[in-house]
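To start, the structure under review is shown below, and the notes come after it.
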Amino acid sequence: MPWLSFGRWQNRILFVGIALLAGLAAIVFAIGADLAIEVHAELVHLAWWSSLLIAPAGFALISWLTRRFFPGCEGSGIPQAIAASLTEDSAIRKRLLSVRIIFGKIILTLVGLLSGASIGREGPSVQVGASILNLLSGKRKNGRIAPTKDLIVAGGGAGVASAFNTPLGGIMFAIEELSRYRAFRANSTTLVAVIFAGLMSLATLGNYTYFGRTPAAVGWPDGLWPVLLCGILGGLAGGISTRLLIASSRGLPGRVGWFKRERPVAFAAACGLATAIIGLSTGGMTWGTGYAESKAALEGTAGLPIYFMFAKAAVIWIAFISGIPGGIFAPALAIGAGLGANVALMLGIDHNPAILVLGTVAFLAGITQSPITSFVIVMEMTANHQMLLPLMSAAVIAQGFSRSVAPVPLYDALAIDMLKRLTHEEKERKAATSDSDVEPESVAAAEHDPPHPAADDVPPSTDDANTPPASPKPTS
């Protein structure tokens, strides 16, 4: 009887505890990220030139630590979770999701924010959540809790839900992004993980909205042009960014590519210096996630200049090619807000938070090609249900234009490339291991074993005597 089975209840309690742990990790991550951004801003306020030292040193330190102690922590974390859910090789999965990844991803991302890198914590939260729930994979004493792939998807969804306080967005992210190449099983694994991770966020941080409450809305037919412009421009910008990031992940051209391959730590330091210079030239607007600048623009307390979206896109690309851990999900929201501000200027509108929200969802849908996840997350971030239909329209338009530029979504392309590389490395490692185990034994046997007798001199064994002879081959 399932309801009276102690083993099943033990598995359920363990699963709920792990889901709460995933939510707690995302919350600690969020608090640490805010503190790191504040400390960096305070250091630069005390001495503006300190960024020229902090950023290169921080980028170089992160690159060295990642390569030396935390391989697998590079980049966003979402492609790693997707690749881990697609592979059947447990050795590859351990290289992408592990306890070492949990601590390395959190610590190195916080150091990156402390250095002024334009990275986010949302992508790393997905890899951290997937790693935590992956601890329950495999057979246990009381039976398997859930399939490994379902646990990875549930952990990724819980990470998004806790990072943004968007439970519906976390579920849609698990369905639309993490389950793009596999059928999503409508079971309770993902729902339970997201619910309890969200409860942990609610109990710790309260019922907050990521961007506050934005009651602005667009009407009909006046809102038609903002929706169309944001959707088209956001989709094209997202598609171009996708193509650029995918091409950069496969190698940089010329001497720059050689410099990155041969001197990765020095290359990361150069990327840090470029980030510091762009940050100083923009008055510090491009450092960090871009959350503060976007929130101030939505609230109307500050504006976003025309160059903001371009400068922000540049520092995101620099952080991406440097190889340091960090996501592009939250910085993409800042680019979208800058896009919305530029669209408002094109339409002759000084400030309209509704157009900024449309730009945010359009660029996010363009770079991820996940329209449902994009408009659900942005709607929950702003607590504005009046914008539901405009957000849906902008997201769908953006996804269509983005796919015309970049046929393969960003995270999927990165995950597939990563999976191919790791599969090739594992095959080489296994081949080298088998060769090293076989060759010494064969050499020793050749040196010490006595000469083998001829086949006719060997008496048939009992098994051979009882085995019927093979049927003769027909002659041609």
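Computed from heavy atoms alone, side chains included, the values below leave out hydrogens, waters and symmetry copies. Since the model is a prediction, treat every value here as computed from it, not as a measurement.
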What are the two closest heavy atoms between [X] and [Y], and how far apart are they?
| X | Y | result |
| --- | --- | --- |
| L96 | M418 | CD2-SD, 3.7 Å |
| L358 | A394 | CD2-CB, 4.1 Å |
| M172 | I372 | CE-CG2, 3.2 Å |
| R261 | L252 | NH1-O, 4.3 Å |
| A354 | M387 | O-CE, 3.6 Å |
| E177 | T368 | OE1-O, 3.7 Å |

Give, for atom [atom1] of [X] and atom [atom2] of [Y], the distance between the pair rounded to the nearest 0.5 Å.
| X | Y | atom1 | atom2 | result |
| --- | --- | --- | --- | --- |
| F363 | L333 | CZ | CG | 9.5 Å |
| L356 | S294 | CG | OG | 8.0 Å |
| R121 | Y291 | CZ | OH | 9.0 Å |
| I316 | I335 | CD1 | CD1 | 3.5 Å |
| L347 | C230 | CG | SG | 8.0 Å |
| L151 | L136 | CG | CG | 6.0 Å |

>> Run the side-chain contact (heavy atoms from CB on, under 4.5 Å) test on L178 and I82 for me, step by step, so that the C-alpha distance in whole Å, both residues' side-chain angles and the decisive distance to 0.1 Å come before the verdict.
In response: CA-CA 6 Å; L178 298 181; I82 295 174; 3.7 Å; yes
Should we count [atom1] of [X] as having more than 12 external heavy atoms under 6.0 Å?
| X | atom1 | answer |
| --- | --- | --- |
| I306 | CD1 | no |
| F103 | CZ | no |
| R263 | CZ | no |

Within-4.5 Å side-chain heavy-atom neighbours: [X] and [Y]:
| X | Y | result |
| --- | --- | --- |
| L414 | I78 | no |
| T148 | N134 | yes |
| L233 | M309 | no |
| F29 | T109 | yes |
| R93 | I152 | yes |
| R243 | I240 | no |
| I321 | F267 | yes |
| L244 | S248 | yes |

> Taking only residues two or more places apart in sequence or in another chain, which ones pass side-chain hydrogen bond (donor to acceptor under 3.5 Å, both in side chains) with E122?
Replying inline: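 Per chain and number, E122 pairs via side-chain hydrogen bond (donor to acceptor under 3.5 Å, both in side chains) with no residue.
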For residues 50-72, which side-chain N or O atoms pair as donor and acceptor with protein atoms under 3.5 Å away, sequence neighbours left out?
residue	atom	partner	partner atom	Å
S50	OG	L43	O	3.3
S50	OG	A47	O	2.6
T66	OG1	I62	O	2.7

> Passes side-chain contact (heavy atoms from CB on, under 4.5 Å), F320 versus S249? Steps please.
Replying inline: CA-CA 8 Å; F320 180 84; S249 69; 4.0 Å; yes
Can a donor-acceptor pair be found, under 3.5 Å and without considering hydrogens, that links the side chain of [X] to the backbone of [Y]?
| X | Y | value |
| --- | --- | --- |
| S179 | A174 | yes |
| T282 | G279 | yes |
| K312 | G338 | no |
| E426 | D89 | no |
| E380 | G169 | yes |
| Q80 | P124 | no |
| S402 | G366 | yes |

>> Set out, in order, the CA-CA distance, both residues' side-chain angles and the distance that settles salt bridge (Lys or Arg N to Asp or Glu O under 4.0 Å) for E425 and R421, then state yes or no.
In response: CA-CA 6 Å; E425 292 177 359; R421 176 177 57 83; 3.4 Å; yes
>> Would S118 and T286 count as a side-chain contact (heavy atoms from CB on, under 4.5 Å) here? Give the steps.
In response: CA-CA 7 Å; S118 183; T286 59; 5.9 Å; no
> Should the ring pair F329 and Y411 be called parallel, tilted or perpendicular, given that the plane angle runs from 0 to 90° and is split at 30 and 60?
Replying inline: parallel
> Where do E88 and K149 land on the side-chain contact (heavy atoms from CB on, under 4.5 Å) test, with the steps shown first?
Replying inline: CA-CA 9 Å; E88 301 289 345; K149 294 182 179 181; 2.7 Å; yes
>> Using salt bridge (Lys or Arg N to Asp or Glu O under 4.0 Å), reason through R255 and E262 one step at a time and then give a plain yes or no.
In response: CA-CA 10 Å; R255 294 185 177 181; E262 300 298 326; over 6 Å; no
